[in-house]
Amino acid sequence: MHDKQKNILLGVTGSIAAYKAVDIARRLMDEGASVRVVMTHAACKFITPLTFEAVTGSPVLIDLFSGPFSHINLSKEADLLLIAPATANTINKLRCGIADDLLGNLCLTHEGRTVIAPAMNHRMYRHPTVQDSIKELKKSGVQFIGPSTGSLACGEEGEGRMADVSAIVEAAVTALTPKDLSRHNILVTAGPTIEPIDPVRYISNRSSGKMGFAVARAAARRGATVTLISGPVSLPQLENVTFIPVKRASEMEAAVLKRLPKATAVIMAAAVADFAPAAGSSSKLGKDDISTIALRKTPDILKKVGSKKGKRILIGFAAETGRDVESAKNKLKQKNLDIIVLNDVTQKGAGFDVDTNVVTIIDGKGKIAEYPLLKKIEVANIILDRMLELATKAQRHKGR
Ligand code: PMT
């Protein structure tokens, strides 16, 4: 979570999808949230409370009479009430304010955000009563995620499958994240580019895309309009992010320049291949046909963006083999950047493929800030904080 630790009350109701709530609890905790689980009696028929207790390290709450005022105190502490899976019965009861169990009571006393992930048979989901309940709950500010369409536990096909665990976790975290970037339109690049030698082989750079995806994810959570332009990676698609897949540096350049006019900030984490074969072959070259490959330079996308920067905030990365501050400073100057994020890719836990990074952030005034080993999502939020700081300063300056 970006600012402070958040308390999430996870309501689990009687659906075959209840087992997936274990993964939801675990992943919310990975995101830094504190999770308490409340189960209905029906949910306990599908999965035991012990499983949730093992994952969260806290007792699961089931009984309305388990402690004095637990129905009030628990919801007072909760920043978010997430019900996943939510059955038709629970959704209808919630709409009417029926409080005949602990979860129903907590729903009535909870004053924070509520996110519901329905899971049921498709005919139940389509039933006018359920649809009415969803409509009314949405009107009162409750957010729904899913359901999706697909094969259901009963063997039928239709709309009623609980949304993907990743989508539910993202919706919960997004609901808890302050929208301080809602005025920004951020262009992010990620991943490698690949430059073909022939239809089978290519030259590339190392990059899993994790750093750039983390920047895009964090910006979307904070309310920015985000476009992510990425070379080939094997990461899942992000929620609330426009995704533009590209392969070559020239394609990435065209995609970036096309979207530049609308962008208020550009953050380039892509590892663009610096060289491409001077002449690619349209058919597979035989082993004996290649002894050397003549190379040409690819376009320097960031430098080009720097020359058209205008009032945008422009942030680049410098992947170095050593903490080479001078080289990073030179890149910042040559490419007309506001900030450069230096990562020494030889350091343990930093750079390619891993979920963490160790960065030094250098700004145009020569201010240098060093950070310890952090998750890439934390690094992303620090970069976005710095971007927002610069944008706010520029805005204030304009207003004078
Ligand atoms: O993707 P991961 O596995 O998570 O790894 C993350 C990362 C190490 C790739 C990332 O943190 C990173 O450092 N990205 C920049 C890699 C790089 O190409 O660095 P560079 O120092 O060669 O380039 C400097 C800047 O110019 C970069 O912002 C780069 O996107 C940009 N560039 C470089 C060459 C080029 N032809 N065009 C460019 O726009």
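One-based numbering, in listed order, for ligands and for the atoms of each.
Note on Asp23 versus Lys20: no salt bridge recorded, every NZ/NE/NH1/NH2 to OD/OE distance being 4.0 Å or above.
For Arg183, the side chain to side chain donor-acceptor pair (under 3.5 Å) criterion is met by no residue, not counting sequence neighbours.
Within 6.0 Å of OH in Tyr125 there are more than 12 heavy atoms belonging to other residues, nucleotides or ligands.
For ligand 1, residues of the protein lying within 4.0 angstrom by heavy-atom distance are Ser207, Ser208, Gly209, Lys210, Met211, Met268, Ala269, Ala270, Ala271, Val272, Asp274, Thr298, Pro299, Asp300, Ile301, Leu302, Gly316, Phe317, Ala318, Ala319, Lys331, Lys335, Asn343, Gly351, Phe352, Asp353, Asn357, Lys376.
The main-chain N or O of Arg201 is found under 3.5 Å from a side-chain atom of Asp198 such that the two form a donor-acceptor pair.
A side-chain donor-acceptor contact under 3.5 Å links Glu195 and Thr193. No side-chain donor from either of Asn381 and Arg221 sits under 3.5 Å from a side-chain acceptor of the other.
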